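Remember, it's a predicted structure, so these values are computed and weren't measured experimentally. Just so we're on the same page: letters track the sequence lines, and every chain starts at 1.
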There are 2 protein chains.
Amino acid sequence: MRSLGQRIELLKVIAHPIRIQILEELTKGVKCVSDFEEFLEISQPNISQHLSLLRNFRVIDYYIDGRLRCYFLVDPIIPDLLELLKKDYPDFLPGPECCPITKKGKYPGQRRR
Amino acid sequence: MRSLGQRIELLKVIAHPIRIQILEELTKGVKCVSDFEEFLEISQPNISQHLSLLRNFRVIDYYIDGRLRCYFLVDPIIPDLLELLKKDYPDFLPGPECCPITKKGKYPGQRRR
DNA sequence: TAAATATATTCAAATATTATTATATTTTTA
DNA sequence: TAAAAATATAATAATATTTGAATATATTTA
């Protein structure tokens, strides 16, 4: 199991609009840098920086084909995580019994003092 | 379904060592601020700051019991997300066919030029 | 009603993340 | 072999996040 630190690290790595799009794309298969240039509206160096960050955290890796770098997913949690984030949920969990709209209620734990 | 922006926002909110611990604790039930003080090694104002951030993003809410504020989970994705992050996975996904250890291979997409 | 308790708010300082710009590297092609 | 193509790296500037310190608010208790 991932440590707390590793879980946070992973979340931080994914929590970026460019990187999450890169990962979404890679769940569909191998892609090289210029493939990303086609749909990401940022500069090539910036794409490379995000790819290299993802690689440093072992989320993706690449192989070389001539002058292309072909990137692919490595961390197996990624597809599940991206899918879960897109899942439909009700607006909120059922509130605790003691939680009326008035925001008044009784504390369920041991009361101190 | 959450928009891309909402998904990122959610990930960023969770991707913090204190906040993820707060959320883990809240999956077990209602907790007030001084409950958190017992196991988080940070100042009370700092705890309140994180709680208020979580509330601003509609991840948690609270009700009032006298001078206690009793916090609880609101966003239903949280328990699933925290559970997924703790799930055991193999070290990596099976690599693409064309990816030997040598990092050499053939690009599977349309080759440009 | 004054003191104590529980918690929140505000602002500034410290730190971390991200984007930009310029340049470098490697491989292929003419 | 020089130029073009594909990509990476490094340094800096811009921006966002986090913490710390001081203080404020509301409720209960003595």
Side-chain angles (χ1 to χ4, degrees), chain A residues 5 8-22 26 30-38 40-57 59-72 102-113, chain B residues 5 8-22 26 30-38 40-57 59-72 102-113:
Chain A
I8 287 160
E9 190 174 77
L10 176 67
L11 291 173
K12 280 206 218 170
V13 164
I14 304 174
H16 186 286
I18 296 297
R19 292 194 296 265
I20 205 170
Q21 288 181 80
I22 289 175
L26 289 180
V30 176
K31 291 277 142 64
C32 69
V33 181
S34 32
D35 291 329
F36 296 121
E37 285 188 70
E38 277 171 26
L40 297 174
E41 314 247 284
I42 60 171
S43 67
Q44 175 275 312
N46 200 0
I47 294 176
S48 273
Q49 285 169 336
H50 287 296
L51 288 169
S52 124
L53 187 152
L54 287 166
R55 211 164 66 81
N56 288 153
F57 287 102
V59 177
I60 66 177
D61 199 359
Y62 67 87
Y63 61 85
I64 289 171
D65 176 11
R67 53 194 174 187
L68 305 177
R69 291 212 187 181
C70 306
Y71 284 89
F72 55 90
T102 67
K103 305 264 171 132
K104 294 264 179 189
K106 284 284 162 236
Y107 180 62
Q110 180 72 43
R111 191 63 174 276
R112 44 192 81 42
R113 208 141 327 264
Chain B
I8 305 280
E9 189 175 79
L10 176 68
L11 290 173
K12 279 205 216 173
V13 164
I14 305 174
H16 186 285
I18 297 297
R19 292 196 294 267
I20 205 170
Q21 287 182 80
I22 288 175
L26 289 180
V30 176
K31 291 279 141 64
C32 69
V33 181
S34 32
D35 291 329
F36 296 122
E37 285 188 71
E38 277 170 26
L40 297 173
E41 315 247 284
I42 60 172
S43 68
Q44 175 275 312
N46 199 359
I47 293 176
S48 274
Q49 285 169 335
H50 288 297
L51 288 169
S52 124
L53 187 152
L54 286 166
R55 211 164 67 81
N56 288 155
F57 288 102
V59 176
I60 66 177
D61 199 359
Y62 66 88
Y63 60 83
I64 290 171
D65 176 11
R67 53 192 176 190
L68 304 178
R69 291 214 187 178
C70 306
Y71 283 90
F72 55 89
T102 65
K103 304 265 171 132
K104 294 266 178 188
K106 284 285 161 235
Y107 180 63
Q110 179 72 43
R111 191 64 173 277
R112 44 190 83 41
R113 206 142 327 266

Are there any protein N/O atoms within less than 3.5 Å of an N/O atom in nucleotides 13-17 of chain D, and if so, which ones and at what distance?
none

query = Do the side chains of D35(B) and Y71(B) get nearer than 4.5 Å, heavy atoms only?
reply =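 Not in contact.
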
[X] [atom1] to [N] [atom2]: how many Å, rounded?
X	N	atom1	atom2	value
L11(A)	dA16(C)	CG	C1'	17 Å
L40(B)	dT18(D)	CG	P	15 Å
I20(A)	dT18(C)	CD1	P	13 Å
E38(A)	dA5(D)	CD	P	16 Å
D65(A)	dA5(D)	CG	P	18 Å
F36(A)	dA6(D)	CZ	C1'	14 Å
L53(B)	dT7(C)	CG	P	19 Å

Non-neighbouring partners of [X] that pass side chain to side chain donor-acceptor pair (under 3.5 Å), sequence neighbours left out:
X	answer
H50(B)	R19(B), N46(B)
E9(B)	none
Q44(B)	S48(B)

note = Students should find that the end-to-end axis angle of the helix from dT1(C)-dA30(D) to dA30(C)-dT1(D), with five pairs defining each axis and rounding to 10 degrees, is 10°

side-chain contact (heavy atoms from CB on, under 4.5 Å) between L51(A) and R55(A), worked out = CA-CA 6 Å; L51(A) 288 169; R55(A) 211 164 66 81; over 6 Å; no

Close N/O contacts between protein and nucleotides 7-11 of chain D (under 3.5 Å):
residue	atom	partner	partner atom	Å
dT7(D)	OP1	V33(A)	N	3.3
dT7(D)	OP2	S34(A)	N	2.7
dT7(D)	OP2	S34(A)	OG	2.7
dA8(D)	OP1	Y71(A)	OH	2.3
dA8(D)	OP2	S48(A)	OG	2.3
dA8(D)	N7	Q44(A)	NE2	2.9
dA8(D)	N6	Q44(A)	OE1	3.4
dA10(D)	N6	Q49(A)	NE2	2.9
dA11(D)	N6	Q49(A)	NE2	3.4

query = Atom NZ of K31(A) and atom CD1 of I60(A): how far apart are they, to the nearest 0.5 Å?
reply = 13.0 Å

ask   = When rounded to the nearest 0.5 angstrom, what distance separates CD in E37(B) from SG in C32(B)?
value =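 Here the interatomic distance stands at 9.0 Å.
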
request  = For A15(A) and for S43(A), find the nucleotide of DNA chain C with the closest heavy atom, then tell me which residue's nucleotide is more 5'.
outcome  = A15(A)

task = Would you sort out whether D61(A) and F72(A) count as a side-chain contact (heavy atoms from CB on, under 4.5 Å), showing the intermediate values?
result = CA-CA 6 Å; D61(A) 199 359; F72(A) 55 90; 3.9 Å; yes

query = What's the shortest heavy-atom distance between I8(A) and P17(B), and which atoms?
reply = CD1-CA, 3.2 Å

Check against side-chain contact (heavy atoms from CB on, under 4.5 Å), I18(A) and F36(A) = CA-CA 10 Å; I18(A) 296 297; F36(A) 296 121; over 6 Å; no

inquiry  = As a quick check of understanding, evaluate side-chain contact (heavy atoms from CB on, under 4.5 Å) for I20(A) and L11(B), giving each step before the final call.
reply    = CA-CA 11 Å; I20(A) 205 170; L11(B) 290 173; 4.1 Å; yes

inquiry  = Just N and O in the side chain of H50(B): are any of them under 4.0 Å from OP1 or OP2 of dT19(D)?
reply    =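 Yes, H50(B) has a side-chain N/O under 4.0 Å of OP1/OP2 on dT19(D).
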
